J.: 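What follows is a single structure, and I will ask about it in a moment.
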Amino acid sequence: MELKILDVSKSYGNYRVLRNISMEIFPGIVGLLGENGAGKSTLMKILSTISCPTEGKVLLNGVDIRKKPNIMRNILGYLPQDFGVYPHLNAVEFLSYIAAIKGIDRTTAKMRIYQLLELVNLSEVKKRPVGNYSGGMKQRLGIAQVLLNDPKIVIVDEPTVGLDPIERNRFRHLLSDISGERIVILSTHIVSDVEAIAGKIAVMSKGQLLSYAKPVDLLERVKNCVWESIISEDELQKFRKEFTVCNTVRTNDGMNVRFIAKEPPNGLANFVVPTLEDAYLALISGGDSNHD
Ligand SMILES: Nc1ncnc2c1ncn2[C@@H]1O[C@H](COP(=O)(O)OP(=O)(O)OP(=O)(O)O)[C@@H](O)[C@H]1O
């Protein structure tokens, strides 16, 4: 299975929201990383055939999904950012209802619903009204809903917004468990959501694709370029103007600042091992030091 995004652009009137996006996606998890408004949801809606590109096309196994949307729809599970639940239904009733809409026969649906509730760890609360579920439980229910018809492509838009760290971690593992031979595309603005599970990470900013690479290759871009130094609070503004500052921590000796630079600005900076967060920040701020 191969999903090819070819030079896709999208405009609303004169406002260009996506600019010449090209990517080739194969089974595995792709993390779509970008700040608010980067264009992630717009791209996901195009892949899900909810919206059409203004220019360019998307090919699924060589076939244009705009011309034949059903080839995508038949194998797609899409979890939008604001997926709604019927609060008075319990999980079994809710999933049975969705299964009926998807045209899954009752016997198959029943079996599948119990398997999925087990997979997403909601078996124990399956008879509770879903309106009383926590944010994390609702998102796991969303994944169960998406998996009802065993989709080959799963697209999830910012599923971890508002979740506490434990639920985010649980959700990450769940996505990892379901990936297998599927294409799973997950959008987020939180680097740690994708760091451990994504085979490839697409970094978007202002409608453009800045990078589409394996996490290890992203890290390579900031190799030997991340430093920490203790500076005074007064120096911080100057530092921010000159370098990409990844983090600051107030200490008894001053500000411990973590930043990206080709050369350390003074003899007092210590080289540190880069994280994916550093690489991401360097990319979106244009301070990606090992590339022109
Ligand atoms: N229907 C629309 N009409 C006009 N502008 C739109 C429309 N949909 C999205 N936009 C704009 O396109 C840009 C990208 O939006 P999009 O929702 O794709 O970003 P995003 O990366 O998913 O951000 P977020 O994390 O905030 O959801 C934003 O500036 C948004 O205001």
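For ligands, and for the atoms within them, numbers begin at 1 and follow the listed sequence. Start at 1 with the first residue, then count along the sequence. Remember, predicted model here, so these are calculated numbers, not experimental data.
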J.: Under 6.0 Å from the NZ atom of Lys102, do we count more than 12 heavy atoms belonging to anything else shown?
T.: yes
J.: Would you say the side chains of Ser9 and Arg16 form a donor-acceptor pair under 3.5 Å?
T.: yes
J.: Need the ligand 1 atom indices (1-based, order shown) with element for anything under 4.0 Å from a heavy-atom of Tyr15.
T.: 11 (C), 29 (O)
J.: Which residue holds the protein heavy atom closest to atom 10 (N) of ligand 1, what is that atom called, and what is the gap in Å?
T.: Tyr12 CE1, 3.8 Å
J.: Hey, are Ser123 and Glu118 close enough side-chain-wise for a donor-acceptor pair under 3.5 Å?
T.: yes
J.: Under 3.5 Å, is there a donor-acceptor pair between the Glu35 and Ser205 side chains?
T.: yes
J.: Given Lys206, Gln81, Lys40, identify the one with the heavy atom nearest to atom 27 (O) of ligand 1.
T.: Gln81
J.: Verify whether one side chain among Arg106 and Ser96 offers a donor that lies under 3.5 Å from an acceptor in the other.
T.: no
J.: Tell me, which protein residue and heavy-atom name are nearest atom 17 (O) of ligand 1, and how many Å apart are they?
T.: Ser41 CB, 3.5 Å
J.: Would one find an N or O of Asn36, backbone or side chain, under 3.5 Å from an N or O of ligand 1?
T.: yes
J.: Do the side chains of Ser232 and Met255 get nearer than 4.5 Å, heavy atoms only?
T.: no
J.: Considering only protein heavy atoms, which is closest to atom 19 (O) of ligand 1, and at what distance to one decimal place?
T.: Gly39 N, 3.2 Å
J.: Do any non-hydrogen protein atoms sit less than 4.0 Å from atom 31 (O) of ligand 1?
T.: no
J.: Need the ligand 1 atom indices (1-based, order shown) with element for anything under 4.0 Å from a heavy-atom of Ala38.
T.: 19 (O), 20 (P), 21 (O)
J.: For the residue pair Ile201 and Leu218, establish whether any side-chain heavy-atom pair is separated by less than 4.5 Å.
T.: yes
J.: Within a distance under 4.0 Å of any heavy atom of Glu158, pick out the atoms of ligand 1 and give their elements.
T.: 24 (P), 25 (O), 27 (O)
J.: Provide, to 0.1 Å, the distance between atom 23 (O) of ligand 1 and the closest protein heavy atom, together with that atom's residue and name.
T.: Gly37 N, 2.7 Å
J.: Within the 4.0 Å heavy-atom shell around Glu35, which atoms of ligand 1 are there?
T.: 21 (O)
J.: Among protein heavy atoms, which sits nearest to atom 13 (C) of ligand 1, and what does the distance come to when rounded to 0.1 Å?
T.: Val17 CG1, 3.5 Å
J.: Just need the protein heavy atom nearest to atom 18 (O) of ligand 1, so name the residue and atom and give the distance.
T.: Thr42 OG1, 2.5 Å
J.: So for atom CZ, which belongs to Phe26, do other residues, nucleotides or ligands contribute more than 12 heavy atoms lying within a distance under 6.0 Å?
T.: yes
J.: Could you tell me if Ser41 and Asp157 have a donor-acceptor pair between their side chains, going purely by distance under 3.5 Å?
T.: yes
